[in-house]
Amino acid sequence: MAKLRLNKLLAQAGLTSRRGAEQLLREGRVAVNGVVTRAPGAVVDPDTDRVTVDGQPLPAAEPLEYYLLHKPRGYVSTRRDPRGRPVVTALVPSRARLYPVGRLDADAEGVLILTNDGALAHRLLHPRYGVPRVYEAEVAGCVTPAALGRWRQGVVLDDGPAVPRAVELLRTGRAASVLRLTFTEGRKREVKRYCAALGHPVRRLRRVAFGPVRLGALPPGAARPLTPREVRALRAATGAG
């Protein structure tokens, strides 16, 4: 087998994403041939080097799997929750160690991709690649068509400027309105913070697309494997080919 960067090897073993592997390394939990190694770019030979995490050898590499989940409200986007809340991985019919690509808040719903392909997950989440996330947000108050220019202009949040790629008004009323917003950075609670900054707190949030993968008619709580075409499209969206 060809030599690999250490963080990529950890991700391929299904332990975590590439970003999570770098955290393991920073914490000094990874050793190569008995020597703690903190450099994510260290190159190892899986055939001859003994890599351990917390003293345990890496599991055999799993076949790569990719799932689309219609995350329902009330579930948290993680494999385990110390507070005992239901987790999204319990909804996916796979024995592989799958990890959600990014997060949706517990009270949000919609498209969530889960995979053990840490390299692809890392690229999908990296702001450099600008993979669009499309949300439908029900917000408090009346948003008029005349106000859309302000919505498209962007606002400054506590972690910097936020500008959506697209904003579309789907429905409006005196008490609530529904907008479709497209963002590309995936910052924490970005859609909720954006809407609140414009004076329209989010009442309900649903992600309807992540890059080329769309929710379609998949019901809440259901999951399905991504098609080979969808996986290729995700790779193409990050320039991975």
Side-chain angles (χ1 to χ4, degrees), residues 66-79 81 85-93 98-115 121 124-125 127 130-145 147-148 150-152 154-155 157 162-227 230 233-234 237:
Y66 309 85
Y67 278 85
L68 166 63
L69 169 68
H70 185 160
K71 177 195 170 299
R73 290 189 292 175
Y75 279 73
V76 292
S77 301
T78 184
R79 285 184 56 84
D81 182 64
R85 293 173 295 179
V87 296
V88 292
T89 49
L91 298 172
V92 180
L98 303 180
Y99 290 84
V101 178
R103 293 176 181 267
L104 282 176
D105 290 347
D107 61 351
E109 57 192 307
V111 169
L112 188 64
I113 296 170
L114 295 99
T115 183
L124 288 171
L125 295 174
V131 179
R133 290 87 153 158
V134 184
Y135 301 86
E136 290 182 359
E138 178 185 311
V139 302
C142 178
V143 178
T144 65
L148 290 182
R150 181 167 172 248
W151 280 77
R152 293 168 177 146
V155 300
L157 302 175
V163 182
R165 176 179 289 184
V167 179
E168 179 183 356
L169 181 62
L170 301 182
R171 294 193 303 276
T172 187
R174 293 180 60 187
S177 305
V178 179
L179 299 105
R180 180 177 292 134
L181 303 106
T182 303
F183 286 87
T184 59
E185 289 188 287
R187 287 149 63 181
K188 186 175 182 180
R189 302 182 70 250
E190 184 175 22
V191 178
K192 291 181 179 178
R193 293 187 293 137
Y194 189 85
C195 295
L198 288 166
H200 296 274
V202 170
R203 290 182 169 183
R204 187 165 185 169
L205 184 65
R206 183 172 70 138
R207 185 159 64 192
V208 295
F210 192 122
V213 175
R214 302 191 174 278
L215 186 61
L218 193 67
R224 65 166 177 83
L226 293 182
T227 67
E230 287 173 321
L234 285 172

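For the single chain, residues carry numbers from 1 onward in sequence order. Side chains are part of it too, since the values below use all heavy atoms of this structure and drop only hydrogens, waters and symmetry mates.
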Set of residues satisfying side-chain contact (heavy atoms from CB on, under 4.5 Å) with respect to Arg73, sequence neighbours excluded |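 With sequence neighbours excluded, Arg73 shows a side-chain contact (heavy atoms from CB on, under 4.5 Å) to Glu109, Arg204, given in chain and number order.
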
Ala222: what forms a side-chain contact (heavy atoms from CB on, under 4.5 Å) with it, not counting sequence neighbours?
->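 For Ala222 the side-chain contact (heavy atoms from CB on, under 4.5 Å) partners, ignoring immediate neighbours, are Leu218, Pro219.
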
Please list, chain by chain and in numerical order, all residues satisfying side-chain hydrogen bond (donor to acceptor under 3.5 Å, both in side chains) with [X], sequence neighbours excluded.
X	result
Arg79	none
Glu185	Arg187
Arg193	Asp158, Asp159
Thr227	Glu230

Who are the salt bridge (Lys or Arg N to Asp or Glu O under 4.0 Å) partners of [X], not counting sequence neighbours?
X	value
Arg207	none
Arg203	none
Arg165	none
Asp105	Arg189, Lys192

Parallel, tilted or perpendicular for Phe183 and Tyr135, by the 30°/60° rule?
->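 Phe183 vs Tyr135 ring planes: perpendicular.
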
To the closest 0.5 Å, what do you measure between [atom1] ([X]) and [atom2] ([Y])?
X	Y	atom1	atom2	value
Leu181	Cys195	CG	SG	5.5 Å
Leu179	Tyr194	CG	OH	10.0 Å
Leu226	Leu68	CG	CG	6.0 Å

Side chains of [X] and [Y]: does their closest heavy-atom pair fall under 4.5 Å?
X	Y	answer
Val111	Val208	no
Thr115	Tyr99	no
Tyr67	Ile113	no

In chain order, what residues pass the ring-ring contact (aromatic ring centres under 6.0 Å, His included) check against His70, with sequence neighbours excluded?
->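 Here no residue qualifies.
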
With sequence neighbours excluded, residues passing ring-ring contact (aromatic ring centres under 6.0 Å, His included) with Tyr66 |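 Tyr66 satisfies ring-ring contact (aromatic ring centres under 6.0 Å, His included) with no other residue.
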
